[in-house]
There are 4 protein chains.
Amino acid sequence: MGVRRTGAADSRTRILDAAEALFADRGYEASSTARIAGRAQVPKGLVFHYFPQKIDVLVALVDERTFVEDAPDEPAEAVPGDPAGTLSRLAGRLPLHASPAMRRILFREADTHRSVRDRLGHLNSVLFLRARRALEIALPGARGDQARLEAAAATFAAVLIYQENLAGLTGQHLDPDAVADLITRALGA
Amino acid sequence: MGVRRTGAADSRTRILDAAEALFADRGYEASSTARIAGRAQVPKGLVFHYFPQKIDVLVALVDERTFVEDAPDEPAEAVPGDPAGTLSRLAGRLPLHASPAMRRILFREADTHRSVRDRLGHLNSVLFLRARRALEIALPGARGDQARLEAAAATFAAVLIYQENLAGLTGQHLDPDAVADLITRALGA
Amino acid sequence: MGVRRTGAADSRTRILDAAEALFADRGYEASSTARIAGRAQVPKGLVFHYFPQKIDVLVALVDERTFVEDAPDEPAEAVPGDPAGTLSRLAGRLPLHASPAMRRILFREADTHRSVRDRLGHLNSVLFLRARRALEIALPGARGDQARLEAAAATFAAVLIYQENLAGLTGQHLDPDAVADLITRALGA
Amino acid sequence: MGVRRTGAADSRTRILDAAEALFADRGYEASSTARIAGRAQVPKGLVFHYFPQKIDVLVALVDERTFVEDAPDEPAEAVPGDPAGTLSRLAGRLPLHASPAMRRILFREADTHRSVRDRLGHLNSVLFLRARRALEIALPGARGDQARLEAAAATFAAVLIYQENLAGLTGQHLDPDAVADLITRALGA
DNA sequence: GATGAATGAGCATTCATTCAT
DNA sequence: AATGAATGAATGCTCATTCAT
């Protein structure tokens, strides 16, 4: 309510910080509310003062700590005649604002918690629409049919979304720029 | 392991069946051993007779119910001069033998359980190697450089691995044949 | 205690209203102070401003919302020569002023909270004394011995006290007038 | 499953014993499962092994430790021409088999727990039917109308049921024999 | 191999109560 | 008088695991 001292976040913030770290590290189910409270250095009861149910902590994290930018009509990265650069810039500036920890949570909990899955689905659709629009602008000649362009956009969106997860799980590093190059060639002159 | 009565799977099998369904449905952490035993219609103690620790059930599932074929030197699907068909056939005959439930488990538990992650990593590397080898055979002229071919193989492997997950999570359906077409064009004549 | 706005009961009253409803519905133990505050639409802390301990809410309800009239020497309902009418009028004008909810509370909490039990005991003794005195007046000839008259008074008092409880618990409806008739005959000419 | 040592009741019995004492003493809500386990000298978890929910302990107590005899067509206590003795014998041989503790529980928890209320309601109806039948036999001349006989039976049943409760709550002792005498006179010669 | 009682740590959640503002 | 964050003990219940039979 008033000025906040530097370094002394309020209790609610500390709870969310702790939960974010723990959920990312070991998963939602394996992170007890007692442990969250302990890491946040607040009494156990306070967690439930702010979040009546444990799931509300996860929901709050997704709501407050992930943000998906809407797809604009004219994506800034789109440059006519430069599809490779366009995709590369899109990769460099993902319309998802979330810490690495939140990104792990988004993937790990998506298939059991609807609110998380919804956020991830939204991200995918925004990414897909943006990639498609950017490609349309970058390739004014509309070379290739629309279906091909959609497949290209969907593939690129999927690569952007899963690349981090893939690297973490399998060690395989998939370079978005290399994929951008492939897609440009596939659609290209 | 001995004669088996028709229609009545033995206890160990029933336990694994139950665990497979539950782990896929709600995750490993959220599936209690008591619930596994209940669904398997065996007494609680019997689960621990076969699997001394709960984690051993998951390990057994991954060991016994997922199988990744080794990448052969000459993949059957590879046909010189037909890269699109080659990739399409690879997509149709994934070297992963596992039920849909086991595939969900593979993804869901990968980032917290090493044995699962290892299996998934192995699948990725097999897929990658196989796609690369198949493309080498399909494109004898070695058009394009090696790096591009590797990116293509890695992209295609990633698409095959994540496509099901992506559809389940976001509703986005990514057609492997369309991606095969893109890649063919990217590498192609 | 000061001027009161029309239609907007003050906080203390609202707290007692809420507690009365909840205690009657689910019992004292099962009604949390938080729930009382919620139903009363007051902040949790305010309950403890007015009632330092939870039990004080119950005590205040019993003190302020139940009232047992003292037994007069000449009960208004007593008419010489008309014992049946006398008892019937006594039944119709119970010397207990309390809402149905408060009556439930009186019974439900009597055996664990002394203050409630005392109030109920007082009610019983007032009823007994009044019924006895009324019968003495109604039956001037002092027919039957004193012991019989006391048993009659005690029985009638018990019937009046428990009749509502009995109906709620067992569905059995015991008509006080019918009991008055029985007693009149038992004592009577 | 085998012979039971004297004085060493099995765990389930000890849990029920402890719960019976605690519920009677302080009520169901105020008796925690931990306290029940402590008094029974069993680990907390074992309570839930036998009774999945706390309420199941109460239900088991009511099921297993109260028994209401069915009303026979020819109640043993009924003797033609001796209504007072008939009622007196009925009072002396209540068709309810339950410890004093169980009787307190029956009353205290009846208005919040259906299974308890049902048992109490059943007891009342059995008592009423039995008293009515016994009076019909005891008073062969059918003196007085049927309505009066029903009121007498209902009153006597209520007195039997509430007498103990009344004594505990108010200190008022209502002698069933005295009530039997009143009723006999009311119906009588 | 099969069984189910036993165990106690741990879980999410609720609670009455306090207190600074 | 009013407020809601804070507190930590306690609650009902679940858990993986053990073990005697």
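Below, chain A is the first sequence line, B the second, and so on; all start at residue 1. If you're wondering where the values come from, they're calculated on a predicted model, not measured in any experiment.
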Exercise. Rounding to a whole Å, what distance do you find between B:Glu29:CD and E:dA12:C1'?
Worked result: 15 Å
Problem set entry | Selected nucleotide, minimal atom distance to A:Pro43 side chain, candidates E:dA2, F:dT7, E:dA5 | F:dT7
Problem set entry | Distance test, side-chain N/O of C:Thr33 to OP1/OP2 of E:dA16, below 4.0 Å | yes
For this session: Return the nearest nucleotide to the side chain of C:Tyr50; candidates are E:dA5, F:dT17, F:dA2.
Result: F:dA2
Exercise. Nearest-Å distance, OH (B:Tyr28) to P (F:dC15)?
Worked result: 13 Å
For this session: To the nearest Å, give me how far apart NZ (A:Lys44) and P (F:dA5) are.
Result: 21 Å
For this session: Please tell me which of B:Arg35 and D:Ala34 maps to the more 5' nucleotide of DNA chain F, matching each residue to the nucleotide holding its nearest heavy atom.
Result: D:Ala34
For this session: Calculate the interatomic distance between A:Leu46 atom CG and F:dA9 atom P; express it in whole Å.
Result: 15 Å
For this session: Take atom CD1 of B:Ile15 and atom P of F:dT17, then tell me their distance rounded to the nearest Å.
Result: 14 Å
Exercise. How close or far is atom C1' of E:dT3 from atom CD of B:Gln41, stated in whole angstroms?
Worked result: 16 Å
Exercise. With a 4.5 Å heavy-atom cut-off, do C:Arg114 and C:Asp118 have their side chains touching?
Worked result: yes
For this session: For B:Phe51 and E:dA2, give me the distance from atom CZ to atom P, rounded to whole Å.
Result: 12 Å
For this session: Determine the contact category for B:Ser32: base if any of its heavy atoms lies under 4.0 Å from a base atom, sugar-phosphate if only primed atoms, P, OP1 or OP2 are that close, otherwise nothing.
Result: sugar-phosphate
Seminar exercise, completed: Between D:Ala30 and D:Gly45, the residue closer to the 5' end of DNA chain F by nearest nucleotide is D:Ala30
Exercise. Between B:Arg12 and A:Ile55, which has a closest nucleotide on DNA chain E that is more 5'?
Worked result: B:Arg12
Seminar exercise, completed: Closest to the side chain of A:His49, out of F:dA5, E:dT3, F:dA6, is F:dA5
Exercise. Atom NZ of D:Lys54 to atom P of F:dC13: distance rounded to whole Å?
Worked result: 8 Å
Problem set entry | Closest-nucleotide ordering on DNA chain E, the 5'-leading residue of B:Ser11 and D:Val42 | B:Ser11
Exercise. Do other residues, nucleotides or ligands put more than 12 heavy atoms under 6.0 Å from A:Arg35 CZ?
Worked result: no
For this session: Among the candidates E:dT3, E:dT18, F:dA16, find the nucleotide nearest to the side-chain atoms of C:Phe48.
Result: E:dT18
For this session: Before giving the answer on side chain to side chain contact (heavy atoms under 4.5 Å, CB included), spell out for B:Leu16 and B:Arg12 the whole-Å C-alpha distance, their side-chain angles and the decisive distance to 0.1 Å.
Result: CA-CA 6 Å; B:Leu16 289 177; B:Arg12 188 174 184 282; 3.6 Å; yes
Exercise. Quick one: is E:dT13 close enough that its OP1 or OP2 comes under 4.0 Å of any side-chain N or O from A:Gln53?
Worked result: yes
Problem set entry | Partner of C:Tyr28 by side chain to side chain contact (heavy atoms under 4.5 Å, CB included), out of C:Val57, C:Leu22, C:Leu58 | C:Leu58
